[in-house]
Amino acid sequence: LACGWYLCASLHDETQDTWVVRRTVDASGATLAESSEFDQWLHSMYFVLTVFTTVGFGDMSAVTTGEIAYVGVTMGVGAIVHSIIISEVINLVMTSDQTNLFIQKNCELVDAFAKHTELSCDSSRGLKAWIGASARRWISQKYNREEMRDLITDKHIPRNILDELPYDLFGGKLIQNRFLGVCEGICTMPPRLPLLLALALQKCYFSAGELIYQSQDYPFGMCLVATGTFAFIGRPSRTGGLPHIPNYETPPRKGKSARSNKSRPNAALTSIVAALKVRSPRAGCDNKAEESQEALFPYVLFGPGSYFGEAELVKNGPRKTTARCESDEGMLLWLCKAAFADIAVQFPQFGAKWVIEASHRTVVHQRKLNSLTVRRTFRHFAAFTIQSWWTKVKRGERQTLDNQTRRAVMNTKGRKAIAASDSNSSQSCCCNHKHAQINCELTDLRRTVDALSNKLGTLDDLSKKLDLLLKNSEGPSMQL
């Protein structure tokens, strides 16, 4: 716009009437037209800023028709831009005021709680610092969830919008989580399930080494992994892993009274022994060894798209293990216990499947804890897991090839055996046929022989009768 204001003067036929010639720059009466190009641009920028900010000092004004038209356009653009800038500044100030009001309100709650429970100054100061650091993230998640629930469950919402919304929740990370994929093949996922689940979820951010929950804690929710890597951790041993059990010993307070020492006569002796252990170098080595032995190592990893912490919600018992963030940064989608129960009741097929899957996952995690015998860091354990999986895949491929080879060999041998048996059976069939023919011929011969023998027997009888007749006939004849 400043360059346009200078161009407006240069396009005039008579430059003596333009603002460049009318503008004087010193007491001697030198005009701006005699100055350098940078001075001319600087004066143009000065004029445009006075128009934009509606200040209007009056030391520079439009006289010609072209200058008046250009200044009118500049004033319209300036009014729009000025209003946008002012509105953004107001929103920024209001947001900052809301954040400060939110922090102040929660800090007052902490002060009241600390006064009621007699918390120390360090504890209350730590709570306030945590509130101040997390206030902006909390405010971004503050909205009327009940009204949004009514809007989601409204029957008038268009179906095409209802089908597309689940794939945009949390950048598509929610629909890809295995928590919603456990019922694949059993039933079709209703589109309102991920919407109601997203309505109940809260984003939580963690850094490396930060604990999500500890063993023996009461479960108030479960976690869906959005980014980063998290793990169940335990203490390795030769006989198998042991779950981490936190030590809730009461720390010693400053300024103990003599009465408390008298009530516990071993307190002084315990403090002396502890001091001796700290001062002795050997005791220091022992403490380091104990600290190294107490180090916790992962035995189950959870990456983006996985979930954990649902088993204790289903069984309504304390936490069985400790969860920790292993990557540099990680984000979890936290689902509280009440919301989990409501969703399981509203969608009973998914609720029943979640219960079955939780029992199965508990058995698998316990088996992995029992196999925790070697201390491995997060990256070493991930590399070991990948190598083990690849070894199993290769072993499975080899077994598959071996089985296929065996089947091929068995099929070949079987074919040969079948061919041999077929040839043997054909030969045996031929032999049997020949034997049957021979038996038939023998039977016929035997019948013929028997018939001939019968005929010969009759012939013998006839010959005997003829002999008798001849003898009988010879007697009378001789007498005659």
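Computed over heavy atoms, backbone and side chain alike; hydrogens, waters and symmetry mates excluded.
Smallest separation of non-hydrogen atoms from Phe378 and Pro298: CA-CG, 4.0 Å. Between Pro236 and Gly234, the shortest heavy-atom distance links the atoms CD-O, 3.6 Å. Contact record, Ser124 with Val110: O-CG1, 4.0 Å, taken as the closest heavy-atom pair. Of all heavy-atom pairs spanning Tyr70 and Gly4, the tightest one is OH-CA, 3.3 Å. Listed here is the closest heavy atom pair of Pro304 and Ala226: CB-O, 3.6 Å. Contact detail for Arg178 and Val182: the closest heavy-atom pair is O-CG1, 3.1 Å.
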Could you go through Ile175 and Leu169, starting from their C-alpha distance and side-chain angles, then the distance that decides it, and tell me whether this counts as side chain to side chain contact (heavy atoms under 4.5 Å, CB included)? CA-CA 7 Å; Ile175 197 68; Leu169 298 173; over 6 Å; no
Pair Asn316, Lys337 - check side chain to side chain contact (heavy atoms under 4.5 Å, CB included), show working. CA-CA 10 Å; Asn316 197 17; Lys337 186 176 182 179; 2.9 Å; yes
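At most 12 heavy atoms of other shown residues, nucleotides or ligands fall within 6.0 angstrom of atom CD in Gln349. The local environment of CD in Glu329 is sparse, with at most 12 non-hydrogen atoms from other residues, nucleotides or ligands closer than 6.0 Å. Remark: Tyr46 OH is packed, more than 12 non-hydrogen atoms of other residues, nucleotides or ligands lying under 6.0 Å away. Sparse packing is recorded around CG of Asp328, with 12 or fewer heavy atoms of other residues, nucleotides or ligands lying under 6.0 Å away.
Leu224 contributes atom CG, which lies 4.0 Å from atom CG of Asn177 (distance to the nearest 0.5 angstrom). Here CH2 of Trp334 is found 9.5 Å from CD1 of Ile212. Values are rounded to the nearest 0.5 Å. How far NE2 of His365 is from CG of Asn370: 13.0 Å, rounded to the nearest 0.5 Å. Note that CG of Asp342 and CZ of Phe347 are 11.0 Å apart. Values are rounded to the nearest 0.5 Å. Of the inter-residue distances, the one linking Ser237 atom OG with Arg375 atom CZ reads 10.0 Å to the nearest 0.5 angstrom. Rounded to the nearest 0.5 angstrom, Phe302 CZ and Thr229 OG1 are separated by 11.5 Å.
Between Leu332 and Val225 the shortest side-chain heavy-atom distance falls below 4.5 Å. Using a 4.5 Å heavy-atom cutoff, the side chains of Arg149 and Leu196 are in contact. Between Leu369 and Phe232, every side-chain heavy-atom pair lies at or beyond the 4.5 Å cut-off. By the 4.5 Å heavy-atom criterion applied to side chains, Pro191 and Arg159 are counted as neighbours. Inter-residue side-chain proximity for Lys203 and Leu333 is flagged as met; some heavy-atom pair is nearer than 4.5 Å. Looking at Cys336 and Phe220, their side chains never come closer than 4.5 Å, going by heavy atoms from C-beta outward. Proximity of Tyr213 to Pro219: side-chain heavy atoms (C-beta onward) are nowhere separated by under 4.5 Å. Side-chain atoms of Phe170 and Leu201, non-hydrogen and from C-beta on, do get closer than 4.5 Å to each other.
The backbone N or O of Ile152 sits less than 3.5 Å from a side-chain atom of Arg192, completing a donor-acceptor pair. Side-chain atoms of Thr227 come within 3.5 Å of backbone atoms of Met331 as a donor-acceptor pair (strictly under, hydrogens ignored).
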Enumerate, atom names and distances included, each donor-acceptor pair closer than 3.5 Å involving a side-chain atom of residues 318-325, sequence neighbours excluded.
{"residue": "Arg319", "atom": "NH1", "partner": "Gly309", "partner atom": "O", "Å": "3.0"}
{"residue": "Arg319", "atom": "NH1", "partner": "Glu312", "partner atom": "OE1", "Å": "3.1"}
{"residue": "Arg319", "atom": "NH2", "partner": "Gly221", "partner atom": "O", "Å": "2.5"}
{"residue": "Thr321", "atom": "OG1", "partner": "Tyr299", "partner atom": "OH", "Å": "2.9"}
{"residue": "Thr322", "atom": "OG1", "partner": "Ser215", "partner atom": "N", "Å": "3.1"}
{"residue": "Arg324", "atom": "NE", "partner": "Glu326", "partner atom": "OE2", "Å": "2.9"}
{"residue": "Arg324", "atom": "NH2", "partner": "Leu296", "partner atom": "O", "Å": "3.4"}
{"residue": "Arg324", "atom": "NH2", "partner": "Glu326", "partner atom": "OE2", "Å": "3.0"}

Without placing hydrogens or testing angles, list every side-chain donor-acceptor pair under 3.5 Å for residues 351-364, not counting sequence neighbours.
{"residue": "Trp354", "atom": "NE1", "partner": "Phe179", "partner atom": "O", "Å": "2.9"}
{"residue": "Ser359", "atom": "OG", "partner": "Val355", "partner atom": "O", "Å": "3.2"}
{"residue": "Arg361", "atom": "NE", "partner": "Glu310", "partner atom": "OE2", "Å": "2.9"}
{"residue": "Arg361", "atom": "NH2", "partner": "Tyr307", "partner atom": "O", "Å": "2.5"}
{"residue": "Thr362", "atom": "OG1", "partner": "Ala358", "partner atom": "O", "Å": "2.7"}

